[in-house]
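Notes follow once the structure below has been shown.
Remember, it's a predicted structure, so these values are computed and weren't measured experimentally.
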Amino acid sequence: MRMSSTFIFQQQTQGISRAQAEWLAAGQRLSTGKRVVSPADDPVAASQALGIQQHQRSEQRYGMAQQFAQTTMSTEATALSSISDSIQAAISDVIYGATGTLNDDDRQSVAVKLEGVRSQLLTIANSQDSSGCYLFAGYNTAQPPFVEGGQGVTYQGGEQPIRQQVDNQRIMTLTHTGKQVFQSVSANPKLDPNGSVGDTDLFSILDKAITLLKTPLQDADDTVRQGVKTGMNAANRELNNSLNNILTLQSENGTQLAELESLGTLSANQNILAQGQLSQLVDADVTQTISDYQMKETALQASYTAFTQMSKLSLFQINK
């Protein structure tokens, strides 16, 4: 087989190009610290690394959702605690106001205190979060959920609580609706003597108690006195039902916050493991990479030298 000078020249040029490409690839691995820079470097490792990275991005999105959920639920937890304190204060006032030894002026003073509690509760009911959204409005977050009118306080918020997915298999309630908080009772309420639940609207309960406390009893007959007594007992019972409802919501809220903390810890641990797996798949061994770079550099220099020497052979000289 006869080899022309052109063929030999092409072979030498291809060898130099190949050695140069390998040297540049080794340099890229050295500069990036990555063994797998492109899928061609290791298709299996690249595919596995892609799967891990996609899972990490998904976990990152859930992590952001968990942070938002924690902030929102913590805001609701603070509000529920204030509501609980206000209802307990109202119960104390109602019990004191029902004492038969109080005169009309004393009962009027208790009514004024209850009006203050009612005002506080209405303020909390229309409270907003850090984004300016109304906390207990469901998905109607742009307008106050409770409105004061001639017939008392009316709810105009949404019917569905705000929920959000915080993990692959977990959806949590971030905030409850105003109906769930201020117009509901727990699963096992105290019943009226006739077996009914009684009034479940916290503002309506307070309004009736305030009206009863303002009713003069000094010159009242037994029927009026008995009606006030019965009404105050009902208010006490209904306020306790409202309190138990709030305690139930607080329990749910606290359980979810604890679960969020556990999810965050689990996610952080999984991320550490994923980073380790990713490193094993794509990161380069520094010592080996430096050695490989030096070898490729030597090979490239040898190719240059071989080409120079080859060009001085008689075959090339004759064809000048």
Side-chain angles (χ1 to χ4, degrees), residues 79-127 134-136 144-157 177-250:
L80 291 174
S81 179
S82 297
I83 295 169
S84 174
D85 291 342
S86 295
I87 295 176
Q88 291 183 62
I91 291 173
S92 296
D93 290 338
V94 166
I95 292 174
Y96 179 64
T99 303
T101 58
L102 298 182
N103 59 37
D104 288 343
D105 289 338
D106 293 333
R107 295 172 63 254
Q108 179 71 28
S109 297
V110 176
V112 171
K113 289 184 63 178
L114 271 185
E115 287 175 337
V117 172
R118 180 188 183 280
S119 177
Q120 291 173 359
L121 285 169
L122 185 57
T123 298
I124 298 171
N126 285 331
S127 60
Y134 286 95
L135 194 61
F136 297 115
F146 290 93
V147 178
E148 181 83 78
Q151 301 299 318
V153 176
T154 303
Y155 180 68
Q156 62 175 10
T177 67
K179 276 191 174 182
Q180 290 175 301
V181 178
F182 297 93
Q183 297 178 337
S184 300
V185 294
S186 59
N188 298 302
K190 295 180 180 179
L191 302 178
D192 287 346
N194 61 7
S196 67
V197 175
D199 199 342
T200 61
D201 188 314
L202 182 55
F203 296 107
S204 175
I205 296 168
L206 290 173
D207 286 341
K208 288 188 293 185
I210 291 168
T211 299
L212 291 171
L213 287 168
K214 290 182 176 181
T215 301
L217 296 181
Q218 183 174 351
D219 299 320
D221 57 29
D222 291 340
T223 301
V224 174
R225 289 178 178 274
Q226 184 59 42
V228 170
K229 180 179 179 180
T230 301
M232 293 298 288
N233 287 338
N236 184 11
R237 183 168 51 251
E238 290 161 357
L239 284 173
N240 274 281
N241 285 340
S242 294
L243 177 60
N244 288 335
N245 178 57
I246 297 300
L247 295 177
T248 300
L249 296 179
Q250 282 183 296

N/O donor-acceptor pairs under 3.5 Å from side chains in residues 226-235, not counting sequence neighbours:
| from | atom 1 | to | atom 2 | distance (Å) |
| --- | --- | --- | --- | --- |
| Gln226 | NE2 | Thr230 | OG1 | 3.3 |
| Thr230 | OG1 | Gln226 | O | 2.9 |
| Asn233 | ND2 | Lys229 | O | 3.3 |

Before giving the answer on side-chain contact (heavy atoms from CB on, under 4.5 Å), spell out for Asp104 and Arg107 the whole-Å C-alpha distance, their side-chain angles and the decisive distance to 0.1 Å.
CA-CA 5 Å; Asp104 288 343; Arg107 295 172 63 254; 3.6 Å; yes
Evaluate the side-chain contact (heavy atoms from CB on, under 4.5 Å) criterion for residues Ile246 and Gln250: first the C-alpha distance (whole Å), next the side-chain angles of each, then the deciding distance (0.1 Å), finally the verdict.
CA-CA 6 Å; Ile246 297 300; Gln250 282 183 296; 4.1 Å; yes
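When all heavy atoms of Lys214 and Ala111 are compared, the pair lying nearest together is CG-CB, 3.8 Å. Among all heavy-atom pairs drawn from Ser204 and Asp199, the shortest one is OG-OD2, 2.6 Å. Closest approach of Gly97 to Val110, counting heavy atoms only: CA-CG1, 4.1 Å. The heavy-atom pair separating Pro144 from Val147 by the smallest distance is O-CG2, 4.5 Å. When every heavy atom of Val94 is checked against every heavy atom of Ala209, the shortest pair comes out as CG2-CB, 4.3 Å. Taking both residues in full, the closest heavy atoms of Val117 and Ser86 are given as CG1-O, 3.4 Å, listed atom of the first, atom of the second, then distance.
The shortest side-chain heavy-atom distance between Leu121 and Leu206 falls under the 4.5 Å cut-off. Between Val197 and Leu191, the closest side-chain pair of non-hydrogen atoms falls below 4.5 Å. Within the 4.5 Å cutoff, the side chain of Pro145 has heavy atoms near those of the Asn126 side chain.
Applying the side-chain hydrogen bond (donor to acceptor under 3.5 Å, both in side chains) definition to pairs two or more places apart or across chains, those involving residues 181-191 are Gln183-Asp201.
Screening Arg118, Arg237, Glu238 for a side-chain contact (heavy atoms from CB on, under 4.5 Å) involving Ile205 leaves a single residue, Glu238.
With Thr99 contributing its side chain and Leu102 its backbone, the two residues share no donor-acceptor pair below 3.5 Å. Looking at Thr215, its side chain does come within 3.5 Å of a backbone N or O of Thr211 through a donor-acceptor pair. Judged by distance alone, with hydrogens and angles left aside, the side-chain atoms of Asp192 form no donor-acceptor pair with the main-chain N or O of Asn194 at under 3.5 Å.
Here Asp222 does not pair with Arg225 in a salt bridge; the nearest charged N to carboxylate O distance is not below 4.0 Å.
Rounding to the nearest 0.5 angstrom, the gap separating the CD atom in Gln88 from the CG atom in Asp93 is 12.0 Å. Separating the CG atom in Asn244 from the CG atom in Leu239 is a distance of 11.0 Å, to the nearest 0.5 Å. Residue Leu213 holds its CG atom at 11.5 Å from OH of Tyr96, rounded to the nearest 0.5 Å. Rounded to the nearest 0.5 Å, atoms CD1 (Ile87) and CG (Asn241) are 10.5 Å apart. To the nearest 0.5 angstrom, Ser119 atom OG is 10.0 Å from Ile124 atom CD1. The line from OG of Ser92 to CG of Asn236 is 9.5 Å long, rounded to the nearest 0.5 Å.
Counting non-hydrogen atoms of neighbouring residues, nucleotides and ligands closer than 6.0 angstrom, the NZ atom of Lys179 reaches no more than 12 such neighbours.
Between Phe146 and Tyr155, the angle of the ring planes lies from 30° to 60°, which puts this pair in the tilted group.
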